[in-house]
Amino acid sequence: MSKHPISRKFFYQGTLDLAYNLLGKILYKETAEGLAAGKIVETEAYLGIDDRAAHSYGNKRTKRTEIMYGEPGYVYTFEMHTHCLVNVVSELEGQPEAVLIRALEPITGLELMYERRKVQKEKELTNGPGKLTKALGIIKQDYGCHFSERPLYITEGEILESISSGPRIGIEKTGEARFYPYRFWETGNRFVSK
DNA sequence: CTGCTGATCAGCT
DNA sequence: GCTGATCAGCAGA
């Protein structure tokens with residue numbers, strides 16, 4: 001298990017493959033307060049212009065989705081309901097697809113996470129997309145960074161024994177898209193959001 | 001400028 | 001399981 005960021009080459013694979021292969025990797029965030037990191041245990045794929053649940057559905061190119069059209073591996077953050085969510089841009093330039101990181105298993109900087117989250121239970125630290133960003137100190141200003149460079153980066157992690165898949169969460173109003181099995185998680189991991 | 005819509009969370013029942 | 005918080009981004013005028 002190396003501690004330096006993963007190669008940029010890693011991100012050049014299909015969105016569904018990337019969502020699957022990100023599981024087990026370690027996500028790091030360096031801030032002035034210290035280092036925090038967790039193993040990725042849950043992801044969701046958003047497949048661009050034909051996926052009604054994606055921000056880029058219908059080829060909607062705006063200031064917010066612009067980053068999704070770029071090279072893979074860039075950080076796409078956005079805010080909703082006062083929470084910040086973090087995505088990994090995937091696919092080649094011109095194809096606006098991304099993978100949402102939904103849950104982590106805390107590994108490094110637990111003390112910092114408890115301080116930021118103000119909760120008692122370890123499970124509550126990172127078992128949701130808005131929770132893990134707060135625990136690691138990921139903010140919308142990380143938009144446009146790259147996951148192979150500090151301060152927000154991914155490293156090799158562990159090989160997982162079993163991975164499950166199923167429908168995505170929180171997109172009930174998007175017609176057929178709500179049924180697509182584009183959510184992946186480590187089978188049985190207690191930090192998975194549902 | 002105005003109004004609407006969430007890829008969520010916490011707290012209550 | 002249900003509801004409200006609370007605001008950026010976008011569409012329409």
Side-chain angles (χ1 to χ4, degrees), chain A residues 14-20 22-23 27 29 36 38 40-70 72-91 95-106 113-145 147 152 154 164-186 190-194:
Chain A
T15 302
L16 291 172
D17 289 331
L18 186 62
Y20 188 92
L22 277 169
L23 295 171
L27 179 66
K29 174 67 195 268
I40 298 170
V41 298
E42 183 179 0
T43 60
E44 280 181 6
Y46 285 87
L47 300 193
I49 60 177
D50 296 321
D51 181 356
R52 279 193 61 182
H55 290 151
S56 51
Y57 171 68
N59 211 17
K60 195 164 65 171
R61 191 164 188 157
T62 66
K63 191 177 170 186
R64 181 171 73 153
T65 61
E66 186 62 33
I67 194 77
M68 293 175 78
Y69 287 82
Y74 279 98
V75 179
Y76 172 34
T77 55
F78 68 93
E79 280 191 345
M80 78 159 303
H81 291 91
T82 73
H83 299 286
C84 178
L85 277 60
V86 64
N87 295 252
V88 182
V89 173
S90 65
E91 290 295 345
Q95 292 176 261
E97 306 191 4
V99 176
L100 170 68
I101 298 174
R102 285 195 58 90
L104 302 177
E105 178 178 329
M113 294 188 198
Y114 278 111
E115 192 179 311
R116 286 168 171 157
R117 294 275 298 123
K118 312 283 186 202
V119 295
Q120 306 298 317
K121 298 174 188 170
E122 185 182 0
K123 187 184 170 184
E124 294 296 315
L125 290 175
T126 55
N127 67 335
K131 299 177 186 178
L132 72 90
T133 54
K134 194 172 180 191
L136 263 64
I138 296 171
I139 52 178
K140 72 169 191 241
Q141 281 76 18
D142 289 314
Y143 181 102
C145 293
F147 281 110
L152 178 59
I154 288 170
S164 303
S165 65
R168 291 172 291 183
I169 290 175
I171 53 165
E172 281 75 22
K173 298 170 186 170
T174 55
E176 284 297 308
R178 62 185 283 199
F179 301 117
Y180 301 162
Y182 294 167
R183 184 166 76 99
F184 302 91
W185 66 93
E186 179 182 9
R190 69 194 186 98
F191 293 96
V192 172
S193 61
K194 276 193 179 177

[N], OP1 or OP2 - any side-chain N/O from [X] closer than 4.0 Å?
X: A:K131; N: B:dA10; result: yes
X: A:R117; N: B:dA10; result: yes
X: A:T82; N: C:dC7; result: no
X: A:R183; N: B:dA7; result: no

Do A:E42 and A:R183 sit within salt-bridge range, that is, some charged N less than 4.0 Å from a carboxylate O?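 So A:E42 pairs with A:R183 through a salt bridge.
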Kindly indicate whether a cation-pi arrangement holds for A:R52 with A:Y180, taking the cut-offs as under 6.0 Å to the six-membered ring centre and within 45° of the axis.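 Not satisfied by the 6.0 Å and 45° rule.
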Length of the [atom1]-[atom2] vector between [X] and [N], whole Å:
X: A:K134; N: B:dA10; atom1: NZ; atom2: C1'; value: 11 Å
X: A:N87; N: B:dT8; atom1: CG; atom2: C1'; value: 14 Å
X: A:R178; N: B:dA7; atom1: CZ; atom2: P; value: 14 Å

At 4.0 Å (heavy atoms only), tell me whether A:I171 reaches a base, stays on the sugar-phosphate, or touches nothing.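 Counting heavy atoms under 4.0 Å across all strands, the contact made by A:I171 is with sugar-phosphate only.
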How is A:R102 classified with respect to the nucleic acid when contacts are heavy atoms under 4.0 Å: base, sugar-phosphate, or nothing?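 Touches sugar-phosphate only.
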Using modelled atom types and a 3.5 Å cut-off, is there a donor and acceptor pairing between side-chain atoms of A:R117 and backbone atoms of A:E124?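 Pair found, side chain donor or acceptor close to backbone of A:E124.
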Aromatic ring proximity A:Y74/A:Y76, centre distance under 6.0 Å: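 Not under 6.0 Å, so no.
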Per A:K173 side chain, nearest of listed nucleotides B:dG6, B:dC9, B:dA10: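 Shortest atom-to-atom distance from the side chain points to B:dG6.
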Is A:H81 stacked on the base of B:dT8, with ring centres under 5.5 Å apart and planes under 30° apart?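 So A:H81 counts as stacking on the base.
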